[in-house]
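Notes to accompany the following structure.
Quick caveat: nothing in here was measured; it's all calculated off a predicted structure. Throughout, protein chains are lettered first and strands after them, A, B, ... in sequence-line order, and every chain is numbered starting at 1.
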Amino acid sequence: MEKLRATRIEKGEALRAAGANPYPYRFEVTHSVAAVREQEKALAEAGAHVRVAGRVMALRGHGKTAFGHIEDSSGRIQFYVKRDDVGDDVFRRFELVDLGDIAGIVGTVFRTRTDELTIKVESLELLSKSIRPLPEKWHGLTDKEIRYRQRYVDLAVNPEVREVFVKRSRLVETVRRFLLARGFLEVETPVLQPLYGGASARPFTTHHNALDMTLYLRIANELYLKRLLVGGFERVFEFSKDFRNEGIDRSHNPEFTMMECYAAYLDYMDYMDMMEAMVAEVARELTPNGQATFDGRTMDFTKPWKRLRFFDALREKTGVEFFGVAEKELAAHAKRLGVHVEKGAPASVIIDEVFSALVEPGLQEPTFIYDYPKELSPLAKDHRSVPGLVERFEGYIGGFEVCNAFSELNDPLEQRRRFEQQMENRARGDEEAQVLDEDFLRALEYGMPPAAGLGVGIDRLTMVFTDNHSIRDVILFPHMRPEDGR
RNA sequence: GCGCUGCUAGCUCAAUGGUAGAGCAUCUGACUCUUAAUCAGGUGGUUGAAGGUUCGAGUCCUUCGCGGCGCACCA
């Protein structure tokens, strides 16, 4: 390794000695690789000069001539250097170029005998000397640990990885455009919060020195967006990096991206339609026909999602009724179904466990589950006709949750009772019970319009549209333990 | 946290407990339409770390570190 580096550093020095800066400031690019391909005919006929810059990804020397490939973000193209064309000086400098260097080439386009579009180099400039060798050209970089830790290398040599993140960006852009077109206002709310709320999770804790106070990284931005509804913004949304101090696995990263949006005067059924339309638009943008293949299963997002009531889904899957059943009987159900539940767990927890274990994994096709038990949803409004339920839905794709929405609870007195119940749960040891937020209650007391809200897991939605099965593959720099000792 | 599994050259991978190897990359030489270029020759290793067993350890055992997969916790 040290030898490989030293050789490359020496080549950089040799270039410097020949009067060329191995790290110059600027290069005038006239064409991307894609543009050269698109405009080939006109460029060839005119004998026009193109100036292309990128990373040298292949080199094949033949003595007084050489072929290579240069790659920019739009693609890869062959170039051809011939000593008789470029002259001794340029050719000698070219010989100091290594695989992985960033270079700028100037030349004309032509087709080789094998009919490959090629740039005939007239001059060439090293734009950045690479002093670390890239992974091998054929197998590339496959070691997941290195791919995640050194994503820059992964991206540099694996174009399909770049494509994943291009898609992610287009997905975000599509969602943003969708919301803006419907009159939503994009806002920014605090990441550092004196109280954390809006979801059930343990937070990351930090400290503000000047104010000498504890602050939390947000686990959600829900309560702030609702305050904005009180303030008179009728439709708001935010792409929010949220932080949850919990385990890491295929579908959980400690920091992740959620899009939350709230609209006054709508209810959860309106939002179900909207979610469907939003994902359909994403599918149109990212796929040729509105269909995505995830884990070998083709999903057609031009069609409506399946819709199932929470307790209907449970009953269908287990053959047992869970609604309106006493705790003791629920525990017996769970045991019989082979779902492990802590002794003395409350009804809501038992139901949630059974649902997670038996129903969720089967929700492969895009499905909305709706009308949740009240105890699981302290921020959702009571169901308008069925006591014990709230107006809430979650969207599932590929067996995991991709969104969560409800008709928002806007009765300040009821919200206070729900918070108090949560605080009781907390006192009994539920570390994830939500914290009572007096300022949020004060806001509700001023009057929040009836509204519905939706949170969409952007990482997970990206997984669906890129057919990746680990959240690490859709996060550029996923969380890793430090690589000490290596 | 538990179970399984992996960690060998820059990368991708070999190596019954018995001399650490190959391909690519790299270096030297040849080569003016190649494309996983070709041909000839060379360099490159604290086998993740530390202990142990053994005449002898990449290989077996223990502990630790960092991944992957599954489970649990968790949404």
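- Summarising the base pairing, U46(B) is matched to no nucleotide, lacking a Watson-Crick or G-U wobble pair whose two defining distances lie under 3.5 Å.
- Centroid-to-centroid, the aromatic rings of F368(A) and F393(A) come within less than 6.0 Å.
- Taking the side chain to side chain donor-acceptor pair (under 3.5 Å) definition, one finds that Y216(A) meets it with nothing, sequence neighbours left out.
- In this entry the distance linking CG of D143(A) with P of U5(B) reads 19 Å, nearest Å.
- The distance from atom CZ of F110(A) to atom C1' of C33(B) is 7 Å, rounded to the nearest whole Å.
- Pairing of U54(B), defined by two Watson-Crick or G-U wobble distances under 3.5 Å, is not identified with any nucleotide.
- Checking side-chain atoms of R392(A) against main-chain N and O of L376(A) turns up a donor-acceptor pair under 3.5 Å.
- Residue F400(A) is classed as having no contact, given no heavy-atom separation below 4.0 Å to the nucleic acid.
- Side-chain to base pairing of E116(A) with U34(B): no donor and acceptor N or O lie closer than 3.5 Å to each other.
- At least one donor-acceptor pair under 3.5 Å links the side chain of R55(A) to the backbone N or O of G100(A).
- At the heavy-atom level, F256(A) lies nowhere under 4.0 Å from the strands shown.
- D98(A) has its CG atom 18 Å from the P atom of C24(B), to the nearest Å.
- Using a 4.0 Å heavy-atom criterion, one finds that G140(A) contacts the sugar-phosphate atoms exclusively.
- The nucleotide whose nearest atom lies closest to any side-chain atom of E136(A) is, among G23(B), G67(B), C74(B), G23(B).
- As rounded to whole Å, 17 Å separates atom C1' of G48(B) from atom CE of M1(A).
- As a whole-Å value, the separation of Q150(A) CD from G67(B) P is 13 Å.
- Under the Watson-Crick or G-U wobble criterion, with both distances below 3.5 Å, C7(B) is paired with G65(B).
- For the pair R149(A) and G67(B), the criterion of a side-chain N or O lying under 4.0 Å from OP1 or OP2 is met.
- The CZ-P distance, from R5(A) to A25(B), rounds to 22 Å in whole Å.
- Comparing the C1' positions of A37(B) and G44(B) gives a spacing of 24 Å, expressed to the nearest Å.
- Within 4.0 Å of K120(A), counting heavy atoms only, lies no atom of the nucleic acid at all.
- Taking a pair to require two hydrogen-bonding distances under 3.5 Å in either a Watson-Crick or a G-U wobble arrangement, A20(B) remains unpaired.
- For R227(A) and Y224(A), the positive end sits near the middle of the six-membered ring, less than 6.0 Å away and at most 45° from its axis.
- Using cut-offs of 30° and 60° for the angle between ring planes, the F239(A) and F237(A) rings count as perpendicular.
- Across all strands shown, nothing is found opposite U34(B) as a Watson-Crick or G-U wobble partner with both distances under 3.5 Å.
- Comparing G10(B), C33(B), G44(B) against the side chain of Y80(A) picks out C33(B) as the nearest.
- Using a 4.0 Å heavy-atom cutoff across all strands shown, R472(A) reaches sugar-phosphate atoms only and no base atom.
- For the pair R151(A) and F477(A), the NZ or CZ position fails the cation-pi test of under 6.0 Å to the six-membered ring centre and within 45 degrees of the ring normal.
- Backbone-only contact: L99(A) has heavy atoms under 4.0 Å from sugar-phosphate atoms and none from a base.
- If you check every strand for non-hydrogen atoms under 4.0 Å, E360(A) touches a base.
- A gap of 16 Å separates the P atoms of A50(B) and A9(B), to the nearest Å.
- Nearest to the side-chain atoms of H62(A) among the listed nucleotides C33(B), G67(B), A37(B) stands A37(B).
- For the P atoms, the distance linking A25(B) with G68(B) amounts to 30 Å, nearest Å.
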Anything under 3.5 Å between a protein N or O and an N or O of nucleotides 70-72 of chain B, put it in a table, one pair a line.
from: G70(B); atom 1: OP1; to: R250(A); atom 2: NH1; distance (Å): 2.7
from: G70(B); atom 1: OP2; to: R250(A); atom 2: NH1; distance (Å): 3.0

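- One interatomic measurement links the two molecules: NZ of K137(A) to C1' of U34(B), which rounds to 12 Å at whole-angstrom precision.
- Checking Y396(A) against M480(A), the closest nucleotide of RNA chain B that is more toward the 5' end is the one next to M480(A).
- Nucleotides C2(B) and U38(B) have their P atoms positioned 50 Å apart, rounded to a whole Å.
- Using atom P as the reference point in both G29(B) and A36(B), the two lie 26 Å apart (nearest Å).
- Taking the six-membered ring where the residue is Trp, the centroids of H69(A) and F79(A) are separated by 6.0 Å or more.
- Taking atom P on both nucleotides, G17(B) is separated from U12(B) by 25 Å, rounded to a whole Å.
- When heavy atoms are screened at a 4.0 angstrom cut-off, R244(A) is found touching the sugar-phosphate backbone but no base atom.
- Here the side chain of P135(A) is nearest to one of C74(B), C11(B), C66(B), namely C11(B).
- Using C1' as the reference atom, C74(B) and C4(B) are 22 Å apart when rounded to the nearest Å.
- Here the separation of A15(B) from U8(B), taken at their C1' atoms, is 10 Å to the nearest Å.
- Applying the side chain to side chain donor-acceptor pair (under 3.5 Å) test to R111(A) and every residue at least two apart in sequence or in another chain returns E40(A).
- With a cut-off of 3.5 Å on both pairing distances, the Watson-Crick or G-U wobble partner of G41(B) is C27(B).
- OP1 or OP2 of C27(B) has at least one side-chain nitrogen or oxygen of K11(A) nearer than 4.0 Å.
- In this structure, K120(A) is positioned above the aromatic face of F110(A), its NZ or CZ under 6.0 Å from the six-membered ring centre and within 45° of the axis.
- Among the heavy atoms of the strands lying under 4.0 Å from S356(A) is at least one base atom, whether or not backbone atoms are also near.
- For the pair A58(A) and L141(A), both in contact range of RNA chain B, the more 5′-proximal nearest nucleotide belongs to L141(A).
- Donor-acceptor pairing under 3.5 Å, judged by distance alone, is present between the side chain of T112(A) and the base of U34(B).
- Set against C27(B), G10(B), C66(B), the side chain of L4(A) has G10(B) as its closest nucleotide.
- Across all strands shown, E246(A) has heavy atoms under 4.0 Å from sugar-phosphate atoms exclusively, and none from any base.
- Between H62(A) and F67(A), the ring-plane angle classifies as perpendicular under the 30° and 60° cut-offs.
- Base pairing of C71(B): its partner is G1(B), meeting the Watson-Crick or G-U wobble criterion (both donor-acceptor distances under 3.5 Å).
- To the nearest angstrom, P of G10(B) lies 17 Å from NE2 of H139(A).
- Counting non-hydrogen atoms under 4.0 angstrom, T142(A) reaches the backbone sugars and phosphates but no base.
- Using a 4.0 Å heavy-atom distance criterion, K82(A) is classed as a base contact.
- Taking the ring centroids of Y268(A) and F406(A), they lie at or beyond the 6.0 Å cut-off.
- Nearest nucleotide to the side chain of R113(A), out of U12(B), G67(B), U34(B): U34(B).
- Between R83(A) and U32(B) there is no side-chain polar atom (N or O) within less than 4.0 angstrom of OP1 or OP2.
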